[in-house]
Amino acid sequence: MSDRNRVSADLAKLPDLIVSWYRENRRTLPWREEVSPYRTLLSEIMLQQTRVEAVKPYFERFLAAFPDVATLADADDELLNKRWEGLGYYSRARNLKKCAREIVDRFGGVIPSTLPELLSLPGIGPYTAGAIAAFAYGRPVAAVDGNVLRVTARITAETGDVLSPAVKAKLTDLVSSLVPADAASDFGQGLIELGALVCLPNRPPKCDVCPVRDLCQGHAKGIADQLPVRIKKTERKLDRRTVLVIRSGTRTLLHKRPARGLLAGLWEFPNYSGGFTEKEALDAVKALGFEPLRVRPLDPAKHLFTHIEWRMTGCLVLVAEPDFPLPEGYVMPETDDLLSRYAIPSAFAAYVRYLSAPLP
Ligand code: SF4
């Protein structure tokens, strides 16, 4: 048998090995205990760019507030953001609501099961569409995420750039050709689970306990820990900002961000481009109409977005009780009210602790 035919024959064994391993070793996760298209949609959107452990508590909390597609379609935006607070990448929450609305309008409230229909919905890309079709409906389609790309690149000793469309398509075609018709969900989730538990990212894979070691080309060639190859093109843009925590008694000033763009529609502490001196910070406070009484510099913080890195410095400024209407887009709630009703993105998490910090 030629090398090529032997590799194909070996790969034909992959589905059974993955499915059996997954059935014995899968983790207990909230979205796996009871499977429905809505639960799969929700969990997959939450899991984008977010670790499983971080998603777990949010999943049930979100489901309690929005138990089905119809409730999510009519969700109050403030409550939606509040239930998403801390998960980051808030555009996912907005797209989820848009998606739910389209499911109600175009599909009578029933999440569709085919890839073309799923892909026509906002916020649903090829992986999420494959996950809903395979995991929730059992359709024999591939769901290829970063875990699956890594695992399959190692199994096939793929040395091309897995971020390139050509290599992605090649590995996706391979997975698609292997999906077993009677176990599409366990195969798809099994590949992902293997990537999460055994064929680890950014660390040496645990080949000694891997169920597919005997057919893994990366392992056989001794190059598994150098795979996958990823050629990154974008660097994050550095954005220096000054964050002002402006307090009057137990009230703190918040500003609503514009409806479009980064962190759209969320609440923030007033913040400005550049690193302000104390005088510049006080000038900004006066420009908002406030009379500063005391000021204290705050520790620097940073936050990484996909394409931007915020390097923040901050000031806590105590101001006189405002006797004028607040500028448009600003509110000044009491601390308890602020924490329970206003969604503040995690980019500002380092400054939330100053809501009740003492001033000199
Ligand atoms: Fe990954 Fe090693 Fe298993 Fe190959 S043998 S799939 S490299 S863990």
Side-chain angles (χ1 to χ4, degrees), residues 1-29 32 44 47-55 126-128 130-131 134-135 140-232:
M1 194 187 289
S2 72
D3 273 4
R4 201 175 161 155
N5 285 344
R6 190 176 49 71
V7 170
S8 313
D10 279 354
L11 283 177
K13 298 177 199 156
L14 187 70
D16 278 352
L17 292 170
I18 293 287
V19 169
S20 323
W21 176 84
Y22 176 68
R23 288 177 180 167
E24 296 225 328
N25 295 282
R26 63 185 214 149
R27 288 167 295 176
T28 301
L29 299 174
R32 285 184 181 158
E44 290 300 339
L47 286 164
Q48 289 169 6
Q49 330 246 16
T50 310
R51 289 176 306 107
V52 165
E53 287 308 314
V55 168
Y127 165 73
T128 309
F135 306 169
V141 296
V144 177
D145 71 348
N147 278 307
V148 176
L149 284 176
R150 178 175 66 261
V151 171
T152 51
R154 286 174 173 167
I155 290 175
T156 58
E158 172 59 59
T159 53
D161 173 15
V162 289
L163 298 179
S164 73
V167 173
K168 261 189 202 170
K170 183 174 158 189
L171 295 174
T172 302
D173 285 351
L174 171 70
V175 177
S176 301
S177 72
L178 294 171
V179 179
D182 58 350
S185 175
D186 287 352
F187 176 62
Q189 294 194 75
L191 279 174
I192 293 169
E193 196 77 336
L194 190 73
L197 300 182
V198 178
C199 197
L200 305 171
N202 309 319
R203 271 175 291 166
K206 298 179 175 174
C207 302
D208 51 337
V209 295
C210 180
V212 304
R213 184 179 53 179
D214 289 347
L215 57 79
C216 178
Q217 290 295 301
H219 174 67
K221 294 180 178 177
I223 57 170
D225 57 359
Q226 295 157 38
L227 299 174
V229 173
R230 284 195 199 91
I231 300 171
K232 289 208 170 134

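Counting convention: from 1, in listed order, for ligands and their atoms alike. Side-chain atoms are counted along with the backbone in the values below, which use heavy atoms only and exclude waters and symmetry mates. These figures come from a predicted structure and were not determined experimentally.
Side-chain atoms of Arg26 do not come within 3.5 Å of backbone N or O of Glu193 as any donor-acceptor pair. In this structure a side-chain-to-backbone donor-acceptor pair under 3.5 Å is present from Thr50 to Gln48.
Protein residues having at least one heavy atom under 4.0 Å from any atom of ligand 1 are Arg154, Ile155, Val198, Cys199, Pro205, Cys207, Cys210, Val212, Arg213, Cys216, His219, Ala224, listed by chain and number.
With values rounded to the nearest 0.5 angstrom, Thr152 atom OG1 is found 7.5 Å from Leu191 atom CG. Between the NZ atom of Lys221 and the CD atom of Gln226 there is a distance of 12.0 Å, given to the nearest 0.5 Å.
The pair Lys13-Asp10 counts as a salt bridge, with a side-chain nitrogen and a carboxylate oxygen less than 4.0 angstrom apart.
Residues Ile231 and Leu163 fail the side-chain proximity criterion, which asks for heavy atoms closer than 4.5 Å.
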